[in-house]
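Structure, as structure tokens:
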There are 2 protein chains.
Amino acid sequence: MPRIPTAERRNALIQAALRVVAQRGVAAATTRAIVAEAGMSLASFHYAFASHDELMAELIREIVAQEESSVVLPHPSEGATVREVLRASIQSYLVSIQADPQREKAMFELTHYALRTPAGEHLARMQYEHYYALASTALAAGAEATNVVWDRPVEEVARILIALTDGLTLAWLVNRDDAAAASLIDFAADAVAGLARPA
Amino acid sequence: MPRIPTAERRNALIQAALRVVAQRGVAAATTRAIVAEAGMSLASFHYAFASHDELMAELIREIVAQEESSVVLPHPSEGATVREVLRASIQSYLVSIQADPQREKAMFELTHYALRTPAGEHLARMQYEHYYALASTALAAGAEATNVVWDRPVEEVARILIALTDGLTLAWLVNRDDAAAASLIDFAADAVAGLARPA
DNA sequence: GTCTATAATGAGATAGAC
DNA sequence: GTCTATCTCATTATAGAC
């Protein structure tokens with residue numbers, strides 16, 4: 001292998017780790033499996049990272065950052081109600097999960113992995129703070145576009161929305177029942193829309 | 001160790017495995033850790049179970065069965081509304097989680113563990129079918145006690161309730177924010193009560 | 001800096017004495 | 001049936017040649 005800047009090598013290893021976790025789960029994400037996926041030697045790993053634990057911590061930070069780009073900002077057609085915008089947004093979120101269910105499994109597994117390590121509780125909390133922030137932004141934009149206001153702080157609505165999508169995601173990952181998911185989405189859109197008042 | 005009937009030994013190992021998973025996570029639930037917790041020798045394990053995998057499958061079946069006893073049947077006071085009954089039930093569910101958060105972490109971890117093994121997808125589905133059945137029973141009783149009917153099949157309401165409690169549980173496990181949990185519970189009780197009509 | 005080779009440890013499973 | 005002792009393999013991490 002040619003010389004690669006350490007930062008680049010670290011990044012390549014993190015991306016490889018994410019692929020391994022998504023495809024085969026956290027338990028399978030051993031140092032060896034990760035370097036094999038990255039096409040590197042075992043020693044190169046320990047040149048870039050002090051330990052397997054250090055990589056896992058970086059991995060969680062990385063996926064939190066990646067999530068940013070996958071935000072589904074509502075794109076309301078003229079005259080759409082807040083309920084319709086919510087429904088379309090949650091729907092398109094589910095579509096993204098259906099397109100890559102393994103990745104979403106990986107997100108849950110990494111959250112629970114983090115919750116089992118002392119330093120990780122903080123990482124899991126950061127992960128969710130990030131989710132809440134993304135949801136808050138989308139909810140604020142959605143409210144503005146449909147001329148409504150939330151009847152409580154938008155952060156509180158965001159927590160509700162994330163709880164609903166977590167429950168929806170887990171149910172779909174377990175049951176793979178598209179009809180049940182559609183019914184859940186309708187419920188969620190109705191229930192959250194019920195927290196909005198005309199501006 | 002004295003002679004122990006195989007069935008009893010299997011059960012002791014499963015209970016020990018559940019304690020290990022709850023206290024230290026699925027990753028730490030090695031055969032050796034389990035026999036140490038059970039106070040048995042390694043060989044005794046393989047006398048009772050063909051493999052570590054077989055025990056894990058049994059463990060998931062076992063926790064599903066145990067969940068039965070922890071159902072919170074609504075105990076409505078005279079004249080309580082369906083919303084109040086729902087709120088009290090979800091509240092007492094959260095209290096049970098707060099009393100033993102490790103156990104609830106273990107439930108999630110085992111679900112995701114199952115979702116990563118070929119035979120396990122079926123187990124995870126059974127686990128959730130069981131949750132849905134328990135919720136359906138509670139919801140039917142709650143509706144009867146408060147003189148309402150659900151405006152859709154009770155199984156569908158059950159799926160909604162489970163999704164909400166999953167989202168609530170995960171949020172609390174990550175953030176340990178009791179105030180946010182209370183707000184989520186109020187929302188969930190309102191939203192689900194909105195699916196009921198006077199009988 | 002990057003590699004091969006090799007500790008050192010811990011895993012699941014089994015053989016064989018009792 | 002139950003145990004101790006052991007096998008075989010995979011793991012993280014490191015030493016040392018280049």
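Note that the structure is predicted; figures quoted are calculated from it, not measured. Chain identifiers are assigned alphabetically (A, B, ...) following the order of the sequence lines, protein sequences preceding nucleic acid strands; residue numbering begins at 1 within each chain.
When the nucleotides D/dC3, C/dT2, D/dT2 are ranked by their closest atom to the side chain of B/S44, D/dC3 comes out on top. The side chain of A/S41 sits closest to C/dC3 out of C/dG1, D/dT2, C/dC3.
At a threshold of 4.0 Å, the pair B/E62-B/R10 does not count as salt-bridged, since none of the basic side-chain nitrogens sits closer than that to a carboxylate oxygen. Between A/E84 and A/R87 there is no salt bridge, since no side-chain nitrogen of the basic residue lies less than 4.0 Å from a carboxylate oxygen of the acidic one. Contact check on B/R83 versus B/D186 returns a salt bridge, with a Lys/Arg side-chain nitrogen under 4.0 Å from an Asp/Glu carboxylate oxygen. The existence of a salt bridge linking A/R125 and A/E121 is confirmed by a sub-4.0 Å separation between a basic side-chain nitrogen and an acidic carboxylate oxygen.
Nucleotide D/dA10 holds its C1' atom 13 Å from the NE2 atom of A/H52, rounded to whole Å. In this structure, B/R3 places its CZ atom 12 Å from P of D/dC3, rounding to the nearest Å. Rounded to whole angstrom, the span from the OH atom of A/Y47 across to the C1' atom of C/dT2 amounts to 9 Å. The separation between A/M40 atom CE and C/dG1 atom C1' is 12 Å, rounded to whole Å. Rounding to whole angstrom units, CZ of residue B/R10 and P of D/dG1 are separated by 15 Å. For the pair B/D53 CG and C/dA11 P, the interatomic distance rounds to 16 Å; values are reported in whole Å. Atom pair B/F45:CZ and D/dT4:C1' shows a separation of 18 Å (rounding to whole Å applied). Distance CD1 (B/I34) to C1' (C/dG10): 15 Å, rounded to an integer number of Å.
For the side chain to side chain donor-acceptor pair (under 3.5 Å) test, no residue two or more places apart in sequence or in another chain qualifies with B/Q91.
Between A/R9 and the phosphate of C/dG1, there is no side-chain N or O to OP1/OP2 separation shorter than 4.0 Å.
Residues A/V149 and A/V192 are members of separate hydrophobic clusters, defined by side-chain heavy-atom contacts under 4.5 angstrom among Ile, Leu, Val, Met, Phe, Trp and Tyr. Both B/L18 and B/I97 are assigned to one and the same hydrophobic cluster, defined by single-linkage of ILVMFWY side chains at heavy-atom distances under 4.5 Å.
Using a 4.0 Å heavy-atom criterion, one finds that A/T6 contacts no nucleic acid atom at all.
For the contact set between residues 22-32 of chain B and DNA chain C, defined by any heavy atom under 4.0 Å, the members are B/T30, B/T31, B/R32. Listed by residue number, the members of residues 111-123 of chain B with any heavy atom below 4.0 angstrom from DNA chain C form an empty set.
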Give each protein N/O atom lying under 3.5 Å from an N/O atom of nucleotides 14-18 of chain D, with the pair distance.
none

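Within 6.0 Å of atom CD in B/E144, 12 or fewer heavy atoms from other residues, nucleotides or ligands are found, so the atom counts as exposed in its surroundings.
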Quiz prompt | Verdict with reasoning, A/Q127 to A/Y131, per side chain to side chain donor-acceptor pair (under 3.5 Å) | solution = CA-CA 6 Å; A/Q127 185 184 0; A/Y131 292 162; 2.9 Å; yes
Would you be so kind as to tabulate the donor-acceptor pairs closer than 3.5 Å made by side chains of residues 19-31 of chain B, with sequence neighbours excluded?
unit_1	atom_1	unit_2	atom_2	d
B/R19	NE	B/E37	OE2	2.6
B/R19	NH2	B/E37	OE2	3.4
B/T30	OG1	B/A33	N	3.0

Side-chain atoms of residues 157-169 of chain A: list all donor-acceptor pairs with protein atoms under 3.5 Å, sequence neighbours left out, distances to 0.1 Å.
unit_1	atom_1	unit_2	atom_2	d
A/T165	OG1	A/L161	O	3.1
A/T165	OG1	A/I162	O	3.0
A/D166	OD2	A/Y128	OH	2.8
A/T169	OG1	A/Y93	OH	3.0
A/T169	OG1	A/T165	O	2.6

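Exactly one residue among B/T111, B/L170, B/V174 makes a side chain to side chain contact (heavy atoms under 4.5 Å, CB included) with A/H112. That residue is B/L170.
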